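Since the structure comes first, as structure tokens, the remarks are kept for the end.
What you see is a predicted model, and the numbers here were worked out from it, not measured in a lab.
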Amino acid sequence: DAMVIQNPRYQVTQFGKPVTLSCSQTLNHNVMYWYQQKSSQAPKLLFHYYDKDFNNEADTPDNFQSRRPNTSFCFLDIRSPGLGDAAMYLCASRLEYNYGYTFGSGTRLTVV
Amino acid sequence: SQQGEEDPQALSIQEGENATMNCSYKTSINNLQWYRQNSGRGLVHLILIRSNEREKHSGRLRVTLDTSKKSSSLLITASRAADTASYFCATDQAPTGANSKLTFGKGITLSVRP
């Protein structure tokens with residue numbers, strides 16, 4: 001089935017050690033998003049790609065980077081994770097404007 | 001900044017009852033979407049209503065949109081225990097078009113008692 005897949009489901013990383021979360025989609029969607037969701041909070045948009053065009057949110061920390069090497073894959077890199085970066089990270093994609101988003105199952109990041 | 005505000009924050013009902021959840025927003029929108037999230041999982045898209053639509057149905061779901069009041073409601077009829085989840089409204093704000101993005105509210109926790 002076409003879907004959005006996030007790996008891994010759970011990631012434990014050390015304070016300050018770079019970590020990469022991955023997302024792939026088989027839907028051939030143009031747009032991909034990364035959201036951060038902390039416990040009992042709203043998902044917060046970090047950045048998104050429209051095709052190869054990268055759009056960073058103004059309040060996304062510089063510590064967070066993203067790569068989209070092709071239509072199917074998108075990566076979230078956290079250069080120096082802090083304790084405050086522990087959260088669920090959600091990847092989503094959509095085909096075009098005025099379509100719903102398809103979300104992956106998320107990666108729960110723990111920083112120790 | 002947070003766009004959607006859901007109400008109530010938590011709702012507990014008996015199986016078979018209807019559940020009504022409300023969402024208010026602040027600025028003009030292209031569309032409004034409702035999502036469900038089971039504990040520790042990703043979000044599942046339920047329904048999208050465009051700014052020029054007033055009501056939409058999908059199975060047991062009914063969504064209304066009142067752009068003059070900047071509000072929406074989600075009605076789940078004949079609720080089931082499996083409907084227990086968090087529900088989020090999300091707004092796609094005008095006039096961003098192709099680069100539009102969703103802004104989520106904090107969500108409503110729905111508990112359906114068997």
Side-chain angles (χ1 to χ4, degrees), chain A residues 1-7 9-10 21 23-25 27 29-60 87-110, chain B residues 1-7 9-10 23-26 29-53 56 58 61 63 65 74 85-110:
Chain A
D1 288 339
M3 54 176 54
V4 177
I5 300 168
Q6 290 188 244
N7 284 305
R9 285 290 318 279
Y10 301 94
L21 310 182
C23 177
S24 64
Q25 50 104 355
L27 300 158
H29 282 174
N30 295 322
V31 198
M32 294 187 77
Y33 302 83
W34 280 104
Y35 281 84
Q36 178 194 63
Q37 187 182 24
K38 297 188 177 179
S39 182
S40 300
Q41 293 187 21
K44 178 180 177 298
L45 182 64
L46 295 173
F47 22 60
H48 75 280
Y49 280 91
Y50 187 92
D51 288 334
K52 295 182 179 180
D53 293 335
F54 177 70
N55 297 272
N56 198 28
E57 292 301 296
D59 56 355
T60 298
M88 174 76 89
Y89 290 88
L90 297 164
C91 174
S93 71
R94 70 169 168 89
L95 179 60
E96 273 295 350
Y97 171 57
N98 261 340
Y99 280 74
Y101 289 25
T102 302
F103 278 84
S105 295
T107 294
R108 166 98 37 208
L109 179 69
T110 301
Chain B
S1 63
Q2 189 174 309
Q3 165 77 320
E5 297 262 352
E6 295 98 339
D7 168 63
Q9 290 188 329
C23 171
S24 60
Y25 58 92
K26 296 174 184 171
I29 60 171
N30 298 311
N31 63 67
L32 184 144
Q33 304 180 32
W34 285 91
Y35 287 80
R36 185 187 74 229
Q37 186 177 36
N38 290 89
S39 181
R41 307 290 296 189
L43 290 95
V44 175
H45 178 253
L46 296 176
I47 200 163
L48 179 154
I49 186 164
R50 292 176 169 76
S51 59
N52 61 352
E53 297 175 315
K56 217 166 174 182
S58 176
L61 305 180
V63 169
L65 179 65
L74 171 67
S86 293
Y87 290 81
F88 292 85
C89 87
T91 51
D92 186 339
Q93 295 168 248
T96 47
N99 274 318
S100 64
K101 54 196 178 184
L102 286 181
T103 303
F104 286 84
K106 287 187 177 179
I108 297 169
T109 301
L110 174 65

What pairs with A/Y49 under ring pair (Phe, Tyr, Trp, His ring centres under 6.0 Å), at least two apart in sequence or on another chain?
->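 A/Y49 satisfies ring pair (Phe, Tyr, Trp, His ring centres under 6.0 Å) with A/F54 once adjacent residues are dropped.
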
Which heavy atom in [X] sits nearest to a heavy atom in [Y], and how many Å separate them?
X      : Y      : answer
B/G105 : A/A42  : O-CB, 3.0 Å
A/L90  : B/Q37  : CD1-NE2, 4.3 Å
B/F88  : A/P43  : CE2-CD, 3.8 Å
B/K101 : A/Y101 : CA-OH, 3.3 Å

Heavy-atom distance under 4.5 Å between the side chains of A/M88 and B/R41, does that happen here?
->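 No, side chains not in contact.
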
Who in residues 45-53 of chain B is close to chain A, using a strict under-4.5 Å heavy-atom cut-off?
->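 Those residues of residues 45-53 of chain B which have a heavy atom under 4.5 Å from chain A are B/H45, B/L48, B/R50.
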
Checking A/E57 against chain B: side chain, backbone, both or neither under 4.5 Å from a heavy atom?
->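 It is the side chain, since no backbone atom gets that close.
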
Which distance, rounded to the nearest 0.5 Å, do you find between the OG1 of B/T103 and the OH of A/Y35?
->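 Between B/T103 OG1 and A/Y35 OH, I get 6.5 Å after rounding to 0.5 Å.
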
What is the distance from atom CZ of B/F104 to atom CD of A/Q37, rounded to the nearest 0.5 Å?
->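 Here the interatomic distance stands at 8.5 Å.
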
